[in-house]
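All values below were derived from every heavy atom in this structure, side-chain atoms included, with hydrogens, water molecules and symmetry-related copies excluded. Along the sequence shown, residues are numbered consecutively beginning with 1.
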Amino acid sequence: MTIKLWLLLFLLFLSFLGKGQEIVKRKVSDSLTQAKSSTTNISEVIIQSAPRKMKLNDGNLVMSVAGNKDFKTSTHLLDVLRKTPGVTVDQEDGIFIGGRIAPAVLIDGKPVVMSNQELQAYLRSLSPDMVESLEVNTNPSSKYDAEFKGIIDIKLKKNTGLGWKASYNGNVYINKFNYRENAFNISYHTGKVTYNLQTGYNEGISTYRYQALQRLANTNIMRTHTDQEDFGKMYNIQVGADFRLNDKNRLVINLRGNFRSHDRTRNGSLFTTDKRETQTVLNTANENPTDYLQDNYGITTDYSFQNKGFKLSFLGNYLSVKNKQNDDFINRDQATAILLSYWKSDLMNTINIYTAQVDVSQKINEVDIEAGIKYSSSDTHNNIRYDTLSAGNQFVFDPARSNVFSYKEKIWAGYLAYRQKMGNLQINAGLRFENTNSISNAITMDSVVSRNDLEWLPSLSVNYTFNKSSELSLSYSRKITRPVFSQLNPFRFYFSPLNYWIGNPYLLPSFTSQIKATYRYKNWITSFTVGKEKDVMTRYPLYNPETNVLEYLGTNLPYRNFAVLETSFPIRITKWWNITSQFTGYYNDEFRPYLDEVFALNIYNYEVRLNQVFSLPKGFTVNLFANYESKTGNSLYIIKPRYTIDVSVQKSWLDNKLNTKIGFNNLLDSYEQQLEFRHKQIMDNRLTHWWDSSRLVFSLSYTLGSSKYQVKETQKTEEENRAR
């Protein structure tokens, strides 16, 4: 057993030891006194119940952020999400809940209009003190877009004072290379109007490594190794105004621009031997330099009218995304440096999205009735051209790889929701319809796919409050997941010259029906979700032993059954030592036809997270965060266990206006992802993905001004989530 694993087990032991001490304390305390609140000294260790920082809202976890010691050392909101029960943030800062669900992110109840990269940069620009709370909803009702199988709602602090407020947040990540993030926010509140300006600039280098072994019986063995350096720059600016026209009318307008550029250098090798690994068949070196540019422009209009129990709101969005990318693929013989092949690509991609939504609600005594209608139009156009160097030393158009692809989608949606509270019982019911009309056209391939679907999507939840300490929630929903544009796009996206994935324009949307039960006792929250997904979208590998090409093709699986059990509980060991523990268990059963066989396996795995906070003298706060993921996978692949440990220290200065933090993420560099193909009789395929997440972090934030913080963000719809 390695030293790293022993260290992780020791940290787990310390935390569960704290839990055991609390149980002993409770038994002793119950025997001696029936006092409502007590503190017992056991060998000079003080054990108390943790302060209330979690609650339920319609069965959804609500976690306070500002003032929460668990997040005091967090550098930004993305770091807060990593430590929030039920939320996972991967190495590329992708956000997931419920194991594999990519949630919609809402700001003050409304989705934000940003691409994934922009959203990540925005979350990094928010310090924990700017956020009132987070709500994690893993079973949204029919009120929300059918695509939203999960939601994270971020409540910002409100602007209640007159005057101006400004803040700066800066983070520096140090590894082999450095990466810097800068964000400046300023708002001015006159009483009737709040003006805001947000700007940011990020710059630096990130690295990534990919290794693969590809082997079939009676054929060659190939090893792939890829090193990637990505030098990126991102500028963003957002301006807006929040007009409180009177007590009943409010209008918010936001404009934004985001500009990104990446110069990527990818170098690798392909080493091929015979099946006995005694004779070299091929040893090549490949280079893949890439230039990438993205320009985003967006506008949002948000109007609301409220009079007594009646409310009317309108939300309109426009988003324009333009992508340009140029790639060179150069392959040489490793020993002689002789050029073996050379091809290049030129990609142009444009996306335009329009959305408009109207919602009305009326409150009658203890009954709330809501209704809404939404229209969205998405138009994406992709043109990729490949040219290959010929024997005459000239680049010639390559029709086998090139293609022109367009996708147009229009959605009409509406919902009706009913809520009633009867004493301690609350009932929520809703019904949503979504009519989708789409046309995908792979022009070069002369392939047109047209669809017109109408789906009805119900939801129901029941919540019962026993007392202040305990409550129970049951909910049901049916959701649809449409393929993102890149999944439909029949282009080759290369990992290496012989390893790539291809989109599928015939890919169908998937449908998920699930039931969730949540129970809270004081600060202990436990939830259990069970469901079934049909037409599951996934990619499967197809290996060609003659060419050594490994393709990942998009397809739909017939179904998968799943279940998730989550429990989290905070423990206060002493006045200066707090622990939040979380355990999540997963079950997955998928029916997967592959080649000439069918695989159906029951996969069980679990995840343990421990967040320990130490409040030390002179205002220092130390945080120790540990995360362990057991072996998991699917019917084709095994994903090996992995773990990570983060350490950070925080200190405030100048009457809390200056906040400094230093930490080390992924302390033991132990969070790489390793996959192995299960069925060796078909193919021996082993993959490793490594990101430079082990790094030293310096963070500084400074605020000045008189008013309390508020930045009103623009909105993002389901279609904009899929524009990636």
**OP:** Would you please name every residue forming a salt bridge (charged side-chain N to carboxylate O under 4.0 Å, His left out) with E533, sequence neighbours left out?
**Re:** K149, R560
**OP:** Take Y671 and E629 through the test side-chain hydrogen bond (donor to acceptor under 3.5 Å, both in side chains) and record every step on the way to the result.
**Re:** CA-CA 10 Å; Y671 208 51; E629 301 173 19; 2.3 Å; yes
**OP:** Start with the C-alpha distance between Q582 and T584, add both sets of side-chain angles, then the distance that settles side-chain hydrogen bond (donor to acceptor under 3.5 Å, both in side chains), and finish with yes or no.
**Re:** CA-CA 7 Å; Q582 179 187 352; T584 307; 3.2 Å; yes
Subject >> Ion pair check, R223 and E277, cut-off under 4.0 Å >> reply: yes
**OP:** Kindly assign one of parallel, tilted or perpendicular to the pair F677 and Y637, based on the angle between their ring planes and the thresholds 30° and 60°.
**Re:** perpendicular
Subject >> Plane angle bin for F491 and F405 - parallel if under 30°, tilted between 30 and 60°, otherwise perpendicular >> reply: perpendicular
**OP:** Examine R695 relative to Y173 and say whether NZ or CZ is less than 6.0 Å from the centre of the six-membered ring and inside a 45° cone about the ring axis.
**Re:** yes
Original post:
Can you name the residues that form a salt bridge (charged side-chain N to carboxylate O under 4.0 Å, His left out) with R266, not counting sequence neighbours?
Top reply: none
Subject >> Side chain to side chain, F583 and E607, heavy atoms closer than 4.5 Å >> reply: no
**OP:** Taking all heavy atoms of L696 and all of G663, pick out the closest pair and write down the distance.
**Re:** CD1-O, 3.2 Å
Original post:
For S527, which residues count as a side chain to side chain donor-acceptor pair (under 3.5 Å) partner, sequence neighbours excluded?
Top reply: none
**OP:** Give a yes-or-no answer on whether the side chains of T284 and Q334 include a donor-acceptor pair shorter than 3.5 Å.
**Re:** no
Original post:
Would Q214 and M683 count as a side chain to side chain contact (heavy atoms under 4.5 Å, CB included) if you check the C-alpha gap in whole Å, the side-chain angles of each, and the deciding distance to 0.1 Å?
Top reply: CA-CA 7 Å; Q214 297 159 221; M683 175 175 59; 5.7 Å; no
Subject >> Pairs where residues 392-401 contributes a residue and the test side chain to side chain donor-acceptor pair (under 3.5 Å) is met, not counting sequence neighbours >> reply: T388-D398, D398-R401, R401-Y494
**OP:** Tell me, please, whether Y559 has K532 positioned over its six-membered ring: NZ or CZ under 6.0 Å from the ring centre and within 45 degrees of its axis?
**Re:** yes
**OP:** State yes or no: are the ring centers of Y342 and F395 separated by less than 6.0 Å?
**Re:** yes
**OP:** Check whether any side-chain heavy atom of N326 lies under 4.5 Å from a side-chain heavy atom of T290, and answer yes or no.
**Re:** no
Subject >> Which residues share a side chain to side chain donor-acceptor pair (under 3.5 Å) with Q673, sequence neighbours left out >> reply: none
**OP:** Could you tell me whether F231 and H262 have their ring centroids closer than 6.0 angstrom?
**Re:** no
**OP:** Show the numbers, then the answer: is there a side-chain hydrogen bond (donor to acceptor under 3.5 Å, both in side chains) between Y292 and Q294?
**Re:** CA-CA 7 Å; Y292 173 73; Q294 183 186 84; 3.1 Å; yes
Subject >> From L339 atom CG to I330 atom CD1, the distance as rounded to the nearest 0.5 Å >> reply: 7.5 Å
Subject >> Donor-acceptor contact below 3.5 Å, side chain N605 vs main chain G633 >> reply: no
Subject >> Electrostatic pair D346-K344, nearest N-O below 4.0 angstrom >> reply: no
Original post:
Below 4.0 angstrom, N of the basic side chain to O of the carboxylate: do D230 and R264 qualify?
Top reply: yes
**OP:** Indicate the ring-plane relationship of Y210 and H689, choosing parallel, tilted or perpendicular according to the 30° and 60° boundaries.
**Re:** tilted
Original post:
What distance do D535 atom CG and T538 atom OG1 have between them, rounded to the nearest 0.5 Å?
Top reply: 13.0 Å
**OP:** Please name the pair of heavy atoms, one in T265 and one in N267, separated by the smallest distance, quoted to 0.1 Å.
**Re:** CG2-ND2, 3.7 Å
Original post:
Does N383 reach the main-chain N or O of M348 with its side chain, forming a donor-acceptor pair under 3.5 Å?
Top reply: no
Subject >> salt bridge (Lys or Arg N to Asp or Glu O under 4.0 Å) between E672 and R209, worked out >> reply: CA-CA 10 Å; E672 65 182 12; R209 289 200 297 263; 5.8 Å; no
**OP:** Show your working on side-chain hydrogen bond (donor to acceptor under 3.5 Å, both in side chains) between N489 and S486 and close with a plain yes or no.
**Re:** CA-CA 5 Å; N489 196 342; S486 60; over 6 Å; no
Subject >> Residues forming a side-chain contact (heavy atoms from CB on, under 4.5 Å) with L347, sequence neighbours excluded >> reply: Q325, I384
Original post:
Would you say N288's side chain and D328's backbone share a donor-acceptor pair under 3.5 angstrom?
Top reply: yes
